[in-house]
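First comes the structure, then the notes that go with it.
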Protein chains: 2
Amino acid sequence: MSRQDQKQKKVTLLDVAKHADVSRATASLVVRKSPLVGAETRQRVEAAMRELGYVYNMGAARLRAERSHTIGVVVPNLTNPFFAELLSGMEASVDAAGLVMIIANTGDGPPRQAIVLQRLREHGVDGIILCPAAGTTDEIASQIEGWKLPLVQVLRHVTDELDYAGADYVAGMEEAVEYLVSLGHRAISFAAHGPVHSAYQERVQGFLGAMKRFGLRPEPVIRFPDRVDQIAQEADALFVKDRAPTAVICFNDLVAHGLAAGFYDRGLKIGRDISLIGFDDVADAEAMRPRLTSVSTAPNEIGQKAAALLLDRIAQPALPPRRWINPTRLHIRDSCRPLSSS
Amino acid sequence: MSRQDQKQKKVTLLDVAKHADVSRATASLVVRKSPLVGAETRQRVEAAMRELGYVYNMGAARLRAERSHTIGVVVPNLTNPFFAELLSGMEASVDAAGLVMIIANTGDGPPRQAIVLQRLREHGVDGIILCPAAGTTDEIASQIEGWKLPLVQVLRHVTDELDYAGADYVAGMEEAVEYLVSLGHRAISFAAHGPVHSAYQERVQGFLGAMKRFGLRPEPVIRFPDRVDQIAQEADALFVKDRAPTAVICFNDLVAHGLAAGFYDRGLKIGRDISLIGFDDVADAEAMRPRLTSVSTAPNEIGQKAAALLLDRIAQPALPPRRWINPTRLHIRDSCRPLSSS
DNA sequence: CTGAAAGCGCTTACAG
DNA sequence: CTGAAAGCGCTTACAG
């Protein structure tokens with residue numbers, strides 16, 4: 001019988017057991033690396049597995065053991081570099097734990113999200129990491145509770161009853177305002193975009209709170225389009241009516257990037273004519289010229305931590321809900337200048 | 001019995017069948033949307049599913065049906081925005097077909113890749129989309145053949161025996177050279193980075209071939225570090241010795257972004273002092289100033305097509321190997337100027 | 001450590 | 001359309 005033939009009919013654990021002259025139960029113990037099996041026996045079984053080209057059938061194991069070694073990750077989109085960083089961090093933690101990630105995209109819409117969550121349940125994931133789509137209500141908490149499915153919220157939260165891993169957006173924005181004020185700026189605008197959710201609100205709240213604390217007039221939040229080229233085109237929106245900001249804090253680096261381009265197009269020099277602060281501190285911040293000062297939220301770390309929270313929750317479903325809030329850090333580069341020198 | 005209690009012990013298809021007063025086989029047909037079931041019966045079963053909170057157990061189905069409705073996607077890294085676009089395209093196609101994606105990261109290393117592929121086999125994926133790690137040899141073809149596992153290569157290829165979806169890197173580079181030559185440039189450098197693989201070689205080959213065709217001295221390919229900030233620091237490498245390029249073609253947009261920053265730092269004006277062309281045309285190209293002329297490879301489309309190839313291959317394993325090469329397009333923006341006017 | 005048996009929740013023929 | 005039976009490839013007690 002050639003190797004080829006052996007591959008034809010799937011080789012099962014029973015085949016391995018026979019080949020190694022042990023019982024099926026013993027072979028099963030070897031696969032699962034149980035210490036109950038003696039070294040000599042273990043080696044014989046492992047040799048048999050290699051010789052027969054055995055592939056462990058996780059699907060069969062899961063049916064019996066009620067554990068799939070699979071987790072679901074649901075995010076509002078895949079293309080944002082911020083989410084890419086987040087996924088990368090998760091992948092590292094999840095992989096290290098011997099699990100595998102099924103990823104799904106909601107397009108930031110609750111109806112899609114409902115479908116996607118259902119599909120993940122059908123696939124028998126051991127747990128889910130969810131960045132809730134904008135518009136998700138806290139009713140989801142009781143739903144999840146009914147499902148008995150371990151779930152952690154990431155980046156955004158809609159309920160206190162479930163675990164959450166995110167960053168301290170409020171403090172991050174406060175730090176940005178403080179820094180600009182220390183440079184002498186008083187007319188500071190906030191440039192935002194995208195759907196409204198907890199992370200959005202916390203950023204706005206941090207900005208407005210800090211402005212008020214310094215006795216500065218809180219400018220209305222200025223909304224920009226989603227795409228970076230459109231943001232550039234509409235940069236003028238910052239200067240309409242009686243507004244004349246000397247500094248702008250952005251919702252994220254993407255907005256900052258768009259505005260930087262818009263300023264360039266208008267002959268405004270960042271630093272000299274206007275100061276600019278981004279948020280998230282993704283890779284581009286370092287590549288922009290002048291380099292972008294940005295509030296770092298460390299998405300990779302958040303991803304790792306979200307995975308860790310989920311693994312804990314899977315191991316101990318009764319744990320009280322936990323939240324892990326990553327401190328932010330203002331990464332000062334070259335996009336802000338003291339007001340006096342401008 | 002409250003809803004809660006019903007959730008406690010998992011409800012199975014047999015429970016649904018009893019509740020709807022039909023046989024288990026009929027309930028199974030309803031779940032799988034078979035046309036054999038009459039409308040009235042179907043509705044009764046569906047109502048029972050809702051009332052009992054039934055969740056289809058894909059794991060059990062897979063064990064019997066030998067189909068997991070799961071595919072594996074293995075990529076060398078997750079953070080590159082290019083791969084994010086690719087995944088996004090795949091996700092759309094895979095999701096539309098009712099399947100789900102398990103994603104895995106090789107870190108561009110063959111040993112990791114071997115582990116990851118094995119893990120995906122154990123999870124019983126119906127097929128795999130693989131961007132082969134740098135250093136993967138064509139021995140993988142016979143290995144995969146032995147596994148009887150549908151697999152398509154994406155972006156890079158190591159064998160002709162397996163399906164492949166990618167872009168026409170050679171033609172893309174040729175077009176870039178032609179364009180620069182048409183603007184009067186003759187001293188054109190190629191700036192590369194990252195590991196060497198088919199996509200790398202094809203880009204270099206396209207560049208060198210076109211240069212030779214125009215009777216231009218083929219400059220050696222100049223290698224840069226991986227990170228964008230390091231690329232900026234080493235931009236001088238373009239001008240060492242007797243080299244004085246008037247234009248630079250980059251391996252990808254990331255290199256272009258780094259060099260653009262490096263030029264800025266040295267007071268070189270893109271367009272006036274030097275022309276620059278990127279490759280891939282990801283979102284940043286539009287946000288750079290001056291806007292980056294770049295060869296578009298449409299990663300999102302490649303992702304969709306790779307998924308389509310895999311679905312075909314799963315349906316018809318005996319199909320001869322196919323390759324789908326996306327034509328590229330030079331997206332002209334503002335980073336190149338005629339030599340005479342400089 | 002072993003062996004025989006039951007069962008995880010489905011799907012698959014097969015006879016009606 | 002239905003019903004009874006077998007089986008997918010494992011894991012789980014349980015008695016030895």
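Chain letters run A, B, ... following the sequence lines, proteins first and then strands; every chain starts at 1. Computed from a predicted structure; not experimentally measured.
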Between atom [atom1] in [X] and atom [atom2] in [N], what is the gap in whole Å?
X        : N      : atom1 : atom2 : answer
B:Arg24  : C:dG9  : CZ    : P     : 11 Å
B:Leu13  : C:dT12 : CG    : P     : 13 Å
A:Arg121 : C:dG9  : CZ    : C1'   : 16 Å
A:Met58  : D:dT11 : CE    : P     : 10 Å
B:Asp15  : C:dG9  : CG    : C1'   : 10 Å
A:Asp21  : C:dG3  : CG    : C1'   : 13 Å
A:Glu40  : C:dT2  : CD    : C1'   : 15 Å
A:Arg67  : D:dG9  : CZ    : P     : 23 Å

Practice task
Scan A:Ser23 against the nucleic acid and name what it touches under 4.0 Å (heavy atoms): base, sugar-phosphate only, or nothing.
Solution key: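 It contacts base atoms.
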Exercise for the section: Could you tell me whether B:Val31 contacts a base, only the sugar-phosphate backbone, or nothing, with contacts defined as non-hydrogen atoms closer than 4.0 Å? Expected result: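 The answer is nothing, as B:Val31 stays clear of every strand by at least 4.0 Å.
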Problem - D:dC10 OP1/OP2 closer than 4.0 Å to side-chain N/O of A:Ser28 - result: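 No, A:Ser28 has no side-chain N/O under 4.0 Å of OP1/OP2 on D:dC10.
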Exercise for the section: Under a 3.5 Å limit for both distances, which nucleotide forms a Watson-Crick or G-U wobble pair with D:dG16, could you say? Expected result: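 D:dG16 is paired with C:dC1.
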Exercise for the section: Say whether A:Gln304 and A:Asn300, considering side chains only, have a donor N or O and an acceptor N or O under 3.5 Å apart. Expected result: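 Note: A:Gln304 and A:Asn300 side chains meet the donor-acceptor criterion.
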Starting the side chain at C-beta, find the nucleotide from [options] nearest to [X].
X       : options               : value
B:Arg64 : C:dC10, D:dT2, D:dT12 : C:dC10
A:Leu29 : C:dT2, D:dC10, C:dT11 : C:dT2
B:Leu63 : C:dT11, C:dA4, D:dG9  : D:dG9

Practice task
Between A:Arg32 and B:Thr41, just flag the one whose closest nucleotide in DNA chain D comes earlier from the 5' side.
Solution key: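 Closer to the 5' end of DNA chain D: B:Thr41.
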Handout entry: Single hit among B:Leu120, B:Val74, B:Ile71, B:Val116 for side-chain contact (heavy atoms from CB on, under 4.5 Å) with B:Ile102
Key =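 That would be B:Leu120.
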Exercise for the section: Taking the side chain as every heavy atom from C-beta outward, state whether A:Arg112 and B:Asp95 have any pair of such atoms under 4.5 Å apart. Expected result: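 Counting from C-beta outward, A:Arg112 and B:Asp95 do come under 4.5 Å.
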Problem - Test: B:Glu40 and B:Arg44 ion pair at under 4.0 Å - result: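 Salt bridge flag = yes for B:Arg44 with B:Glu40.
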Practice task
Run through A:Arg323, A:Arg313, A:Lys305 and flag the one making a salt bridge (charged side-chain N to carboxylate O under 4.0 Å, His left out) with A:Asp163.
Solution key: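 Passing option: A:Arg313.
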